[in-house]
Amino acid sequence: MSKSDPIRTNYYNAVERADKVSDVLFYVSATLSIVSLFVDKSTHTLAYDIVLTCFALSVVALFIIGLVSRLYWTPRAEDKRRQDFFASACGVSLSHQKTDGYYNNDFTEPIRRMAAQILENSHFSKAIALRMVRTERIRVIVYGCIWLTCVFNRNADLGLLIAASQAVFSEQIVSKWLRLEWLRIRFERTYDEVHRMFRSKPASQSFKAMTLESLGSYETAKATAAITLSSSLFQKMNDQLSAEWEQIKADLGI
């Protein structure tokens, strides 16, 4: 439904590029760590040194990009998104970079508009996270099978087993899958809580407190999981999810 989203273009795209580069560097370093096991240092000294040097450089580059992304690019993008979120909820201008059609509800009262924005955000986020986690599940199963093959193969080299374990249980495979599963669950929980809140129509003060609690839960989940939702999936699913959001609004009368 979003017609214009300069925040994603100017800030989140940098985060996604960093994530893609990190994935490439991870696979390069994992491959080099395995290749180094098959290069005989005594007979191929130069080749061995080249492999280890490239491995070291890829690990350092992965560390630097990950650190910069986590401490600069991601917080910067999240700050801009929250700025736009509150500006939309309160009907004020906090930045010259404004989204158009990103939040879609007719409320003018700030707290109720904020609650509707949380509901819309969590509706989109849980669907995109679910689509993303399906791919991660397949990847974990594939790598898990390879790892188990190495574990139960008595003739497998110990160094190869260690390298495979390091790759599988790294931040890019098992950890990423678990964090994404957890994030999906938190998004679904936030959506259900806000949806029930609109259904039950609590008193004004209770509604305000529950809205702020849901907003904190949603933002905390994103910060803890440290996973950027796919912009390409957002584009592919936008029309479907937007149509569903219109049905949800009609059903809740918002």
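All of these numbers come straight from a predicted model, not from anything done at the bench.
You'll find the side chain of L241 stays beyond 4.5 Å of the side chain of F234, heavy atoms only.
Checked against side-chain contact (heavy atoms from CB on, under 4.5 Å), T220 has the following partners two or more places apart in sequence or in another chain: T224. Residues passing the ring pair (Phe, Tyr, Trp, His ring centres under 6.0 Å) test with F85 are Y103, sequence neighbours excluded. Every residue two or more places apart in sequence or in another chain that forms a ring pair (Phe, Tyr, Trp, His ring centres under 6.0 Å) with H195 is listed here: Y191. Remark: F198 pairs with F207 by the ring pair (Phe, Tyr, Trp, His ring centres under 6.0 Å) rule, at least two apart or across chains. Evaluation of the salt bridge (charged side-chain N to carboxylate O under 4.0 Å, His left out) rule for E181 yields R137, R184 as partners, not counting sequence neighbours. With sequence neighbours excluded, the residues satisfying side chain to side chain donor-acceptor pair (under 3.5 Å) with S93 are K98.
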In residues 21-30, what donor-acceptor pairs under 3.5 Å come from side-chain atoms, sequence neighbours left out?
| residue | atom | partner | partner atom | Å |
| --- | --- | --- | --- | --- |
| S22 | OG | A18 | O | 2.9 |
| Y27 | OH | R139 | NH1 | 2.4 |
| S29 | OG | L25 | O | 3.1 |
| S29 | OG | F26 | O | 2.8 |

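There is no path of hydrophobic side-chain contacts, each under 4.5 Å, that joins L57 to L32. At a threshold of 4.5 Å between side-chain heavy atoms, the hydrophobic network of Ile, Leu, Val, Met, Phe, Trp and Tyr places I141 and V133 in two separate groups. Linking ILVMFWY side-chain heavy atoms closer than 4.5 Å, directly or via other members, places V174 and I227 in a single hydrophobic cluster. Following chains of ILVMFWY side-chain contacts shorter than 4.5 Å, one cannot reach I173 starting from V59, and the two form parts of different hydrophobic clusters.
The stretch residues 47-69 participates, sequence neighbours left out, in no salt bridge (charged side-chain N to carboxylate O under 4.0 Å, His left out) pair at all. Listed by first and then second residue, the salt bridge (charged side-chain N to carboxylate O under 4.0 Å, His left out) pairs involving residues 195-212 are R199-D251 (not counting sequence neighbours). Counting only residues at least two apart or in different chains, salt bridge (charged side-chain N to carboxylate O under 4.0 Å, His left out) contacts with residues 216-233 comprise E78-K222, R82-E219, E219-K222.
If you chain together ILVMFWY residues whose side-chain heavy atoms come under 4.5 Å of each other, Y72 ends up grouped with V15, V60, F63, I64, L67, V68, L71, W73. Counting Ile, Leu, Val, Met, Phe, Trp and Tyr side chains that sit under 4.5 Å apart, directly or through other members, L46 shares a hydrophobic cluster with I50.
F187 pairs with exactly one of L229, N121, I128, L130 by the side chain to side chain contact (heavy atoms under 4.5 Å, CB included) rule, that one being L229.
More than 12 heavy atoms of other residues, nucleotides or ligands sit less than 6.0 Å from atom CZ of R179.
Of the charged side-chain nitrogens involved, none lies within less than 4.0 Å of a carboxylate oxygen, so that E120 and K249 do not count as a salt-bridged pair.
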